[in-house]
Amino acid sequence: MGIQDILEGKKQWRAHVARVNALPPDYRIVYKEMQKYLFKVGPVDLEDGNLLSGIVDFFEEGVAAGKGVLELTGPDVAAFTDNLIKDSQTHADVYRESQGG
């Protein structure tokens, strides 16, 4: 990874954070909790950035439609988040497989 890749990645992340910060407060709170959970669980495909951007896209559509965030996710945000990554391999899965377990 060269310096240009690092700079581009930072630029994209700043743009992503700006989109998150433009969401209404209730959406931001739910997004940040989802993000914290996803960083902890560590789905492998989280690194490509599409999952988090997709959540922001989904939330922006909800805002535009005048819906509350829980109308989109349902009352159990953890279950909603788990459902998003149910078929994703996590870093823990990769580690277990590398250990022969």
Side-chain angles (χ1 to χ4, degrees):
M1 176 181 289
I3 191 80
Q4 290 297 341
D5 294 331
I6 293 170
L7 292 174
E8 184 60 29
K10 284 186 176 191
K11 181 179 173 184
Q12 289 174 356
W13 182 252
R14 279 192 220 103
H16 176 80
V17 170
R19 288 178 63 205
V20 171
N21 289 336
L23 293 169
D26 56 337
Y27 277 84
R28 278 195 313 266
I29 290 167
V30 171
Y31 173 84
K32 288 181 181 184
E33 288 303 313
M34 290 173 70
Q35 179 189 44
K36 188 184 330 179
Y37 176 74
L38 290 169
F39 283 168
K40 182 179 179 182
V41 173
V44 174
D45 56 0
L46 184 64
E47 295 167 6
D48 69 17
N50 292 333
L51 178 60
L52 293 176
S53 292
I55 293 169
V56 176
D57 291 343
F58 181 61
F59 281 4
E60 287 172 339
E61 291 170 12
V63 171
K67 295 184 177 186
V69 68
L70 296 181
E71 289 180 72
L72 301 177
T73 63
D76 190 342
V77 176
F80 176 82
T81 307
D82 280 337
N83 194 44
L84 288 177
I85 61 169
K86 70 179 186 238
D87 296 326
S88 299
Q89 188 175 35
T90 66
H91 290 290
D93 295 332
V94 171
Y95 177 77
R96 267 193 302 277
E97 290 170 8
S98 73
Q99 299 302 308

query: Under the side-chain contact (heavy atoms from CB on, under 4.5 Å) criterion, do Glu60 and Asp57 qualify, and how do the steps go?
result: CA-CA 5 Å; Glu60 287 172 339; Asp57 291 343; 4.0 Å; yes

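- Note that the CD atom of Gln35 and the OG1 atom of Thr81 stand 11.5 Å from one another [nearest 0.5 Å].
- The shortest distance between side-chain heavy atoms of Val77 and Glu33 does not fall below 4.5 Å.
- With sequence neighbours left out, the side chain to side chain contact (heavy atoms under 4.5 Å, CB included) criterion links Glu8 to Lys11, Gln12.
- In the hydrophobic cluster analysis, where Ile, Leu, Val, Met, Phe, Trp and Tyr join through side-chain heavy atoms closer than 4.5 angstrom, Val17 is grouped together with Tyr37.
- No single ILVMFWY cluster, assembled from side-chain heavy atoms under 4.5 Å apart, contains both Ile29 and Tyr27.
- At least one side-chain heavy atom of Leu38 sits less than 4.5 Å from a side-chain heavy atom of Ile55.
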field: Worked check of side-chain contact (heavy atoms from CB on, under 4.5 Å) between Val20 and Phe59
entry: CA-CA 9 Å; Val20 171; Phe59 281 4; over 6 Å; no

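- For Arg28, there are no salt bridge (charged side-chain N to carboxylate O under 4.0 Å, His left out) partners two or more places apart in sequence or in a different chain.
- Here the CZ atom belonging to Arg19 is positioned 12.0 Å from the CG atom belonging to Asn21, to the nearest 0.5 angstrom.
- When all heavy atoms of Gly62 and Leu72 are compared, the closest pair comes out as CA-CD1, 3.6 Å.
- Among residues two or more places apart in sequence or in another chain, the side chain to side chain contact (heavy atoms under 4.5 Å, CB included) test is passed with Phe80 by Met34, Phe58, Thr73, Leu84.
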